[in-house]
Amino acid sequence: MITELTKGVYWVGVVDWALRHFHGFELTTHRGSSYNAYLITDEKTVLVDTVWGPFQEQLIENIREVIDPAKIDIVVANHAEIDHSGSLPAVMRHAPKATVIVSKRGLESVEGHFHQPWNFQAVQTGDKVSIGKRELIFVEAPMLHWPDSMFTYLTGDNILMPNDAFGQHYANAFRFNDEVDQEELYEEALKYYANILTPFSGMVSKKIEEVLALNLPVSMIAPSHGIIWRKDPLQIVKKYQEWASQVPEKTAVIIYDSMWDGTRHMAEAIGDGLAAENIPYKTFYMPTADRNDVITEIFKTKAVIVGSPTFNQGLLPTITPILEDLKGLKFQNKIGAAFGCYGWSGESVKIIEDHLATCKIPVITEGIRAKWQPKPDDLARCREFGSTVAGAIRK
Ligand code: FEO
């Protein structure tokens with residue numbers, strides 16, 4: 001069902017209730033998602049972004065509820081990733097003479113995806129296109145989250161359409177932030193930020209300052225996933241500023257795997273050491289934990305404590321993917337520590353510590369190892385280790 005945001009501006013997107021994985025299997029989406037496309041009717045008819053290709057017919061039907069798709073004059077492709085551009089070919093079959101507005105880098109990426117001789121217009125920050133009573137103003141937003149990403153602003157109604165920024169993978173019966181469960185909304189907005197935008201936090205801060213300096217009134221922020229920010233729309237901008245600063249909570253996250261429970265007993269004893277010092281912590285057993293949810297918890301926390309027994313002179317394979325995530329996500333203001341059992345060679349703790357150093361997560365105390373099953377004095381060392389990490393968290 002389409003939704004009118006303001007007079008002549010419509011949400012014509014698609015809610016994908018069934019989606020549970022995104023970017024292939026890189027990101028879990030427990031609450032589905034939506035692909036938001038916006039139709040603006042003025043003297044010219046404009047479509048801002050499309051939807052993922054499998055939903056192209058639904059997009060066309062949604063547009064048809066307002067206007068014949070053949071009457072579209074302008075299609076803005078804020079970003080080429082196919083969850084937003086995947087239905088461009090279908091739209092362009094209906095409106096082959098439409099102008100496709102892209103950022104300069106978008107010219108490269110959209111052409112690269114579709115190899116079509118469409119009538120492109122590449123724009124840069126500050127460029128304006130009149131569509132009748134209103135104008136579109138464009139702001140390039142490279143690395144939020146691709147080099148081609150762009151925001152589109154609609155004057156008159158003062159709607160900012162920032163594509164992926166400020167979005168959430170959150171399917172819902174309703175479209176606006178004042179209509180949905182706030183806890184769910186912010187859980188999904190944070191998971192989205194932590195898993196997708198963290199590496200670009202410096203650019204997030206700069207871009208927000210740049211957009212605010214334009215002094216454009218903003219009555220709505222309409223991202224391309226999830227809920228539209230209508231009530232106090234700048235609340236999510238303030239949250240992004242806070243998240244981009246990456247100031248951690250004084251807490252810890254313990255992630256581990258275990259072959260025969262030795263490393264598990266160590267994890268529990270480390271947790272006891274943290275709790276004895278009144279430091280809240282969460283423990284995740286990686287074979288059953290959701291990696292993206294764990295990343296969200298790591299985003300929030302100060303201390304990342306990683307445990308694995310030694311397996312084939314390395315780590316258990318469930319630990320390696322999240323360590324790789326830590327490298328790519330470039331978390332700031334963290335401290336780290338490592339632990340693990342071993343039977344013969346015992347390299348795992350050193351491997352984890354080296355990896356944390358590569359991630360620029362300083363290891364704040366010597367890693368703790370236990371041979372075979374941890375003995376009572378090993379577990380006492382683990383509790384002491386937890387207490388040492390607690391002290392570093394408090395600093
Ligand atoms: Fe970068 Fe929602 O795609």
Side-chain angles (χ1 to χ4, degrees), residues 11-38 47-56 58-59 75-91 100-114 138-152 160-172 175 185 187-201 203-204 207 221-229 236 240 243-244 292 295-296 325 328-330:
W11 176 88
V12 290
V14 169
V15 178
D16 187 350
W17 291 92
L19 188 78
R20 288 295 176 270
H21 294 97
F22 195 76
H23 286 159
F25 276 78
E26 184 264 330
L27 182 66
T28 53
T29 51
H30 306 314
R31 294 190 174 103
S33 193
S34 71
Y35 317 107
N36 299 338
Y38 300 98
L47 181 68
V48 179
D49 290 319
T50 72
V51 302
W52 191 24
F55 297 96
Q56 61 187 16
Q58 193 175 335
L59 172 70
V75 183
V76 178
N78 276 320
H79 168 45
E81 204 166 3
I82 58 165
D83 49 325
H84 308 296
S85 71
S87 296
L88 259 176
V91 170
V100 180
I101 294 182
V102 290
S103 67
K104 287 199 183 304
R105 300 302 300 275
L107 188 59
E108 185 185 324
S109 57
V110 174
E111 277 190 327
H113 272 88
F114 300 106
F138 303 98
V139 178
E140 292 160 289
M143 301 321 293
L144 295 181
H145 67 124
W146 271 18
D148 65 1
S149 297
M150 179 171 80
F151 297 175
T152 299
L160 180 68
M161 290 164 279
N163 195 261
D164 279 319
F166 312 120
Q168 334 87 46
H169 288 302
Y170 184 26
N172 200 285
R175 301 277 69 77
L185 172 60
E187 264 180 31
E188 294 304 334
L190 176 59
K191 180 175 178 179
Y192 191 95
Y193 187 95
N195 283 273
I196 298 172
L197 289 165
T198 305
F200 315 116
S201 287
M203 288 176 245
V204 169
K207 185 51 60 181
I221 296 178
S224 292
H225 294 292
I227 298 305
I228 298 164
W229 303 90
I236 188 62
Y240 264 46
W243 292 337
N292 301 112
I295 285 167
T296 308
D325 284 331
L329 289 167
K330 300 184 175 69

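Start at 1 and go down the list; that is how both ligands and their atoms are numbered. Values reported hereafter were calculated over all heavy atoms of this structure, with side chains retained and with hydrogens, waters and symmetry mates removed.
A side-chain N or O of T28 and one of K191 form a donor-acceptor pair less than 3.5 Å apart. Judged by distance alone, the side chains of D49 and Y35 never bring a donor and an acceptor atom under 3.5 Å apart. Judged by distance alone, the side chains of W52 and D16 never bring a donor and an acceptor atom under 3.5 Å apart.
Among heteroatoms of the N, O or S kind in E81, OE1 lies nearest atom 1 (Fe) of ligand 1.
When distances to atom 2 (Fe) of ligand 1 are checked against a cut-off of 2.8 Å, H225 contributes an N, O or S atom below that limit. Atom 1 (Fe) of ligand 1 lies under 2.8 Å from an N, O or S atom belonging to D164. Residue contacts to atom 2 (Fe) of ligand 1: D83 brings an N, O or S atom closer than 2.8 Å. For atom 1 (Fe) of ligand 1, the N/O/S atoms of H84 include none lying under 2.8 Å.
Looking at every heavy atom in both residues, H225 comes nearest to D83 through NE2-OD2, 2.8 Å.
Side-chain contact between Y38 and I228: present, with at least one pair of heavy atoms (C-beta onward) separated by less than 4.5 Å.
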